Structure formats: structure tokens, C-alpha cells
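Keep in mind that what you see is a predicted model, and the values were worked out from it rather than measured. In this chain, residues are counted from 1 in sequence order.
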Amino acid sequence: MKLNKYFKRIILSLAVLLVSVIYSGPVKSQELFCTVDVNTSSIEGTNKSVFETLKESISDYFNETKWTNTVFSANERIECRFFLTVKEYEGDRIKGEIQVQLSRPVYNSNYTTTLFNFKDTKVEFDYREGEPIIFNENTWSNNLTGILDFYAYLFLALDFDSFSPNGGQPYFDRAASIVQQAQSSGEIGWRTFEDTKNRSAVLNAFTDANTGMIRDLLYQYHRRGLDEMVTSPDKGRASITASLKDIKEIYDNAPMSVALSIFRDSKLDELVNIYSKAPQTERDEVYEILQPVYPTDRERLNKIRKPDEF
């Protein structure tokens with residue numbers, strides 16, 4: 001039943017805050033259900049079998065690794081997507097970009113909402129066809145496993161945060177450990193001042209005091225907002241409206257933070273639908289909150305304010 005499935009997810013999120021013990025019973029299922037794709041349309045004249053192997057290996061790595069001590073049943077797995085676009089391939093070196101997406105079910109509905117949508121443009125790693133990708137929780141192996149581990153723990157952190165306040169902290173801690181190890185590797189995409197939208201910046205968006213309120217937003221927007229809207233649309237929508245004030249605070253504190261573009265790419269289109277039947281006063285309030293933050297997204301914001309005109 002949806003009800004049981006949903007509340008089990010909440011209980012899982014709460015439990016991870018209270019205990020950290022090794023589970024010795026039978027494992028029901030891994031945590032992630034990740035769709036993986038590798039786009040090689042930019043590569044010509046190359047034996048592309050290596051990329052088929054890579055795709056299968058990444059998929060197995062995400063979906064067969066046991067990332068936590070928490071027990072998930074098969075229908076509770078966290079849905080995510082990992083799309084690698086290969087731009088260059090020479091020797092064993094692969095360069096490109098990754099689009100990562102994370103989804104979450106909404107209570108008592110068939111609707112899934114996007115928690116995280118981000119394009120990582122600083123991607124380079126070595127991979128030799130047939131080479132196994134091996135999970136090692138405590139040791140830095142190479143940049144490919146570092147990237148995969150980082151996003152796996154980030155997916156877990158954001159999902160758990162959306163079900164309970166700061167429920168994802170253990171996984172943010174793991175992601176932070178990976179970033180720290182990676183910064184000593186010399187690989188791109190990890191250094192703190194290298195780029196305002198690299199992996200270090202993404203982690204910082206969720207953990208720095210100036211922008212960390214986005215984690216509160218995740219909980220209020222999803223658990224108190226979307227989950228409530230199925231049975232009480234006005235109450236749920238009011239919680240979402242209140243949560244948006246965190247975006248304005250992030251903008252005031254750190255106007256260049258990647259947290260703002262992550263929220264935009266994940267939520268602006270959804271907000272158009274959420275407020276399509278809201279009172280005008282509520283639509284105006286949301287517009288006034290978001291317009292200074294996203295001045296170039298005028299069309300979507302106008303759809304929130306005046307949906308009847310589109």
C-alpha cells in the first residue's frame with residue numbers, strides 16, 4: 001500500500017538520525033535505483049564497446065552497492081538518473097559532463113517530484129575496458145569511483161533530508177569526506193575555489209551556514225508542502241510558500257551560490273503547476289519572493305503570477 005510504503009520511508013529517515021549500527025540480518029534491497037546512460041555522439045572513429053562496458057559497470061556500481069546500514073525493500077529504492085556525455089576520449093582518459101537527477105515520491109499519489117537536477121561539467125577520469133569499479137568506503141581509489149560515491153551519498157542525503165529534518169546528515173558527512181580526499185588527488189571538479197559550480201561548490205551549498213537553509217527548504221517544501229497537498233491543497237501550498245523565503249535568504253547571503261541554480265532547475269516548472277489554482281494574493285507573494293532571485297526567468301515567473309495569460 002502507498003500509505004505503508006510512504007511512512008516506512010519517513011521511519012527510515014528518522015531512524016538514521018538515532019542509530020548507526022551494522023545490520024546483521026538479511027538485506028532486502030540496495031538503496032538506489034539509478035538509470036545510467038552514456039552518450040558518445042561526440043566521439044567518432046572509436047571502438048565504442050568500452051562505453052557500453054562503462055555504462056553497465058556504473059549501473060551495477062550504483063544499484064548493487066550497499067551504501068548504508070538501513071534496510072530498503074525493492075519498492076522503496078531511491079530513483080535517480082546519471083547521464084554521462086563523453087566529449088573527449090584519448091588513451092584511457094575520458095572527459096565530458098554528467099547530468100544527475102534525483103526524484104522522490106509524493107505521499108498518496110502517483111506523482112514524483114524532482115529533488116535535484118544538476119549538470120556537472122568538470123568530469124575527467126581514467127577507465128580501461130573491463131576494469132572493475134570497486135567500492136571502498138574508506139580509501140580513495142580513483143576519480144571515477146570518487147565521482148560515483150559522491151553522487152550516491154548526495155542522493156541519499158537529499159532524499160533523507162526531504163523526509164525528516166536534517167535526516168541526511170550522515171550521508172553529507174560521507175560526501176564531505178570524499179571531497180576532502182579528492183582535493184588531494186589533483187583531479188578537476190573538486191577544488192574549493194576552482195569553480196562556483198563544481199562538486200565542492202555543490203556540497204558547500206548544502207552545508208555552509210550561509211546557504212545551508214536549503215536543507216530546511218527540502219523538508220518544508222516536500223514533507224510539509226507537497227505531501228500535504230494531496231489531502232489539503234491550501235495547507236500544503238502555504239508551507240511551500242513559506243519555504244521559498246529560504247531561497248531569498250540564500251540569495252541575500254550568497255547570490256552566486258549554486259544552490260540557487262539547483263533549485264531553479266529542479267523546481268521552477270513545478271511551481272508553475274503548484275500555484276495554477278492558488279489565490280492571486282498567494283501567487284503575487286511567490287512572484288515577489290522569486291523575481292529578484294531569478295530576474296532572467298521572467299516567463300516562468302509570470303506564469304506563476306498570471307497563469308490565465310498563458
Side-chain angles (χ1 to χ4, degrees), residues 22-23 27-40 43 48-87 89 92-104 115-160 168 170-182 185 187-190 198-199 202-203:
I22 297 177
Y23 180 80
V27 175
K28 291 185 179 181
S29 182
Q30 272 62 35
E31 301 87 348
L32 301 180
F33 182 72
C34 193
T35 301
V36 176
D37 194 18
V38 177
N39 183 339
T40 60
I43 305 298
K48 295 187 178 182
S49 64
V50 62
F51 299 112
E52 287 298 323
T53 303
L54 176 62
K55 174 183 174 180
E56 293 175 6
S57 297
I58 293 175
S59 180
D60 290 345
Y61 191 82
F62 276 130
N63 295 320
E64 296 182 9
T65 299
K66 193 73 178 76
W67 298 98
T68 76
N69 298 321
T70 306
V71 182
F72 281 63
S73 64
N75 67 341
E76 293 166 341
R77 296 175 75 177
I78 298 167
E79 295 186 14
C80 51
R81 295 174 177 83
F82 184 93
F83 299 127
L84 168 64
T85 299
V86 179
K87 300 289 189 180
Y89 177 52
D92 295 328
R93 192 69 169 177
I94 294 173
K95 300 180 181 181
E97 59 187 29
I98 298 167
Q99 186 79 38
V100 286
Q101 298 173 341
L102 174 66
S103 300
R104 174 199 191 276
L115 274 177
F116 181 68
N117 185 14
F118 175 70
K119 179 179 285 189
D120 185 338
T121 62
K122 303 293 184 180
V123 177
E124 294 187 18
F125 58 86
D126 294 320
Y127 176 75
R128 182 174 299 172
E129 185 173 5
E131 185 176 34
I133 306 176
I134 300 172
F135 176 68
N136 190 322
E137 184 175 4
N138 299 311
T139 303
W140 174 265
S141 299
N142 54 64
N143 203 41
L144 175 57
T145 57
I147 291 170
L148 301 182
D149 291 352
F150 173 79
Y151 282 116
Y153 284 116
L154 186 63
F155 291 154
L156 288 162
L158 299 177
D159 182 82
F160 275 81
Y171 311 119
F172 278 118
D173 292 342
R174 286 294 304 130
S177 177
I178 292 165
V179 170
Q180 184 176 25
Q181 292 173 332
S185 71
E187 296 281 4
I188 68 166
W190 301 101
N198 66 4
R199 290 178 288 280
V202 169
L203 177 66

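Scanning both residues, T65 and Q30, for their nearest heavy atoms gives O-CG, 3.0 Å. Between W140 and G146, the closest heavy-atom pair is CZ3-CA, 3.6 Å. Considering all non-hydrogen atoms of both residues, C34 and N63 come closest at N-OD1, 2.6 Å. The two atoms that bring V36 and K55 nearest to each other are O-CE, 3.3 Å, heavy atoms only. Residues G96 and K87 come closest through the heavy atom pair CA-CG, 3.7 Å. Between E124 and E187, the shortest heavy-atom distance links the atoms O-OE1, 4.0 Å.
Inter-residue side-chain proximity for V202 and F116 is flagged as met; some heavy-atom pair is nearer than 4.5 Å. Between D37 and T35 there is no side-chain heavy-atom pair separated by less than 4.5 Å. Using a 4.5 Å heavy-atom threshold, the side chains of I58 and I133 count as touching. You'll find the side chain of D126 stays beyond 4.5 Å of the side chain of N142, heavy atoms only. In this structure, L148 and F125 have side chains that are not in contact, with every pair of non-hydrogen atoms separated by 4.5 Å or more. Contact check for E97 versus N39: no side-chain heavy atoms found under the 4.5 Å cut-off. At a threshold of 4.5 Å between non-hydrogen side-chain atoms, the residues L158 and F172 count as touching. Within the 4.5 Å cutoff, side-chain heavy atoms of R199 are placed close to those of I147.
With rounding to the nearest 0.5 angstrom, the CD1 atom of I188 is 7.5 Å from the NZ atom of K95. With values rounded to the nearest 0.5 angstrom, I94 atom CD1 is found 8.0 Å from L144 atom CG. Rounded to the nearest 0.5 Å, atoms CG (N136) and OG1 (T145) are 8.5 Å apart. Rounded to the nearest 0.5 Å, atoms OG1 (T70) and OH (Y171) are 4.0 Å apart. From L84, atom CG reaches atom CD of Q99 across 11.5 Å, with rounding to the nearest 0.5 Å. How far CD of Q101 is from CG of L115: 11.5 Å, rounded to the nearest 0.5 Å.
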Intermediate values then yes/no, side chain to side chain contact (heavy atoms under 4.5 Å, CB included), F72 and L32:
CA-CA 9 Å; F72 281 63; L32 301 180; over 6 Å; no
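Enclosure of atom CD in Q180 is not indicated, since only 12 or fewer non-hydrogen atoms of other residues, nucleotides or ligands lie within 6.0 angstrom.
When the ring pair (Phe, Tyr, Trp, His ring centres under 6.0 Å) test is applied to F150, the partners found at least two apart in sequence or on another chain are W190. In terms of the side chain to side chain donor-acceptor pair (under 3.5 Å) criterion, residue partners of Y151 (sequence neighbours excluded) are, by chain and number, D120. F33 meets the side chain to side chain contact (heavy atoms under 4.5 Å, CB included) test with R77, E79; sequence neighbours excluded.
Proximity of a side-chain donor or acceptor of D159 to a complementary backbone N or O of F155 within less than 3.5 Å is not detected. Without hydrogens or angle criteria, E31 side chain to T68 main chain gives a donor-acceptor distance under 3.5 Å. Formation of a donor-acceptor pair under 3.5 Å by the S177 side chain with backbone atoms of R174 is not found in this model.
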